[in-house]
Protein chains: 2
Amino acid sequence: MKISQGVEWGLHCATLLALAPPDRVVRRDRLAAHYGLPEAYLAKHLQAMARAGVLHAVPGPRGGYRLGREAARITVLDVVEAVEGSTPPFLCQEIRQRGTGALPPDQCRRPCAIHATMTAADQAWRASLRTVTIADLVARLPAGVRERNEKIVS
Amino acid sequence: MKISQGVEWGLHCATLLALAPPDRVVRRDRLAAHYGLPEAYLAKHLQAMARAGVLHAVPGPRGGYRLGREAARITVLDVVEAVEGSTPPFLCQEIRQRGTGALPPDQCRRPCAIHATMTAADQAWRASLRTVTIADLVARLPAGVRERNEKIVS
DNA sequence: CCAATCGTGGACAACAAATATCCGCGATAG
DNA sequence: CTATCGCGGATATTTGTTGTCCACGATTGG
Ligand code: SF4
Ligand code: SF4
């Protein structure tokens with residue numbers, strides 16, 4: 001089990017964009033250079049975030065990215081799901097219906113206890129990520145870092 | 001982000017083994033056949049569970065597997081960590097120390113808010129899995145399935 | 001209108017991890 | 001002593017992640 005590195009990239013970029021003045025867009029090469037990331041690959045993740053509404057992209061000269069809505073209304077879970085997709089991490093293969101101990105399908109109407117347990121844990125994980133917003137992340141930035149990054153995006 | 005299918009295999013096998021009489025071992029090919037799994041690969045996961053103490057393996061003729069301790073003392077998290085390993089799913093790459101916006105290492109002593117958020121979510125996930133034991137899974141088996149599986153391992 | 005800029009999205013390559021198989025080994029029951 | 005059975009390393013196959021490239025459309029400014 002492993003979380004894509006794109007999640008970290010997306011969260012850092014979103015936090016940085018939250019420091020920009022309203023309606024100010026930041027070019028992609030700026031974001032990539034600031035964190036030392038491969039621009040072409042970062043583009044993939046930013047595009048996914050834009051499709052999810054977390055970011056808003058502006059094409060053309062003087063184009064770039066800005067947050068799709070106010071930072072206080074973007075949760076960490078929003079970014080995670082935008083980058084990673086929202087497919088549940090535990091995909092059931094219904095092995096109880098295979099092999100010599102296979103059960104008839106009518107005994108498998110409702111998901112079993114194993115499935116329920118894994119799903120509950122996944123929801124606990126998501127609920128935890130939903131309690132933190134990009135605005136919270138910004139608020140917890142050290143003052144020096146905040147000032148420094150504000151200059152970058154202004 | 002995806003959870004290894006071996007977790008599902010391990011949980012199913014542990015639940016099945018919990019139905020066996022005490023000190024009764026079940027051969028690996030029985031387990032594999034019962035769920036229609038590749039025996040050689042299932043062996044890898046069972047070995048990992050045995051190393052973690054979740055299962056106990058008996059070599060030699062009449063050998064096989066039994067639970068490493070009573071079912072009520074084996075949590076789902078124990079099985080998950082035995083099979084998946086316990087490396088945290090969010091591995092930080094410290095991108096704040098790279099690129100043109102790199103911060104000096106002395107500003108990166110403590111993990112940032114992003115790291116803390118992901119870690120908290122991971123702990124919530126683990127805590128949820130810790131609340132369910134193999135005994136709980138057995139208790140939630142349909143009566144018919146329980147009887148049927150008890151015959152298999154007796 | 002024209003040309004330079006910039007994000008879009010698909011195709012593709014390189015790499016890493018999960019999945020699956022095989023075989024020699026040691027332990028043990030009979 | 002021998003057949004059985006789990007152990008664990010080596011290895012192949014498949015899948016997913018990571019990274020690059022390029023043609024395209026949209027937009028700005030001249
Ligand atoms: S739903 Fe439950 S019984 Fe069916 S395959 Fe998934 S974990 Fe196994
Ligand atoms: S600790 Fe925080 S700032 Fe450093 S790389 Fe991880 S997420 Fe980024």
Within the pair A/Tyr41 and D/dT18, is there a side-chain N or O less than 4.0 Å away from OP1 or OP2? yes

Practice task
Please determine if a side-chain N or O atom of A/Arg62 lies less than 4.0 Å away from the OP1 or OP2 oxygen of D/dT28.
Solution key: no

Rounding to an integer number of Å, can you tell me how far [X] [atom1] sits from [N] [atom2]?
| X | N | atom1 | atom2 | value |
| --- | --- | --- | --- | --- |
| B/Leu46 | D/dC7 | CG | P | 8 Å |
| A/Gln5 | C/dC15 | CD | C1' | 12 Å |
| A/Lys2 | C/dA17 | NZ | P | 7 Å |

From the list A/Arg130, A/Arg69, A/Arg126, salt bridge (charged side-chain N to carboxylate O under 4.0 Å, His left out) with A/Asp78 holds only for A/Arg69

Checklist line | B/Gly60 vs A/Val58, nearer the 5' end of DNA chain D by closest nucleotide | finding: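 Counting from the 5' end, the first nearest nucleotide belongs to B/Gly60.
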
| said: Here's a test of your reading of the structure: between A/Leu42 and A/Pro61, which maps to the more 5' nucleotide of DNA chain D? | reply: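 The residue mapped nearer the 5' terminus is A/Leu42.
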
Under 4.0 Å, heavy atoms only, any strand: does [X] hit a base, just the sugar-phosphate, or nothing?
| X | value |
| --- | --- |
| A/Arg28 | base |
| B/Lys44 | base |
| B/Gly64 | sugar-phosphate |
| A/Arg51 | sugar-phosphate |
| B/Ala40 | base |

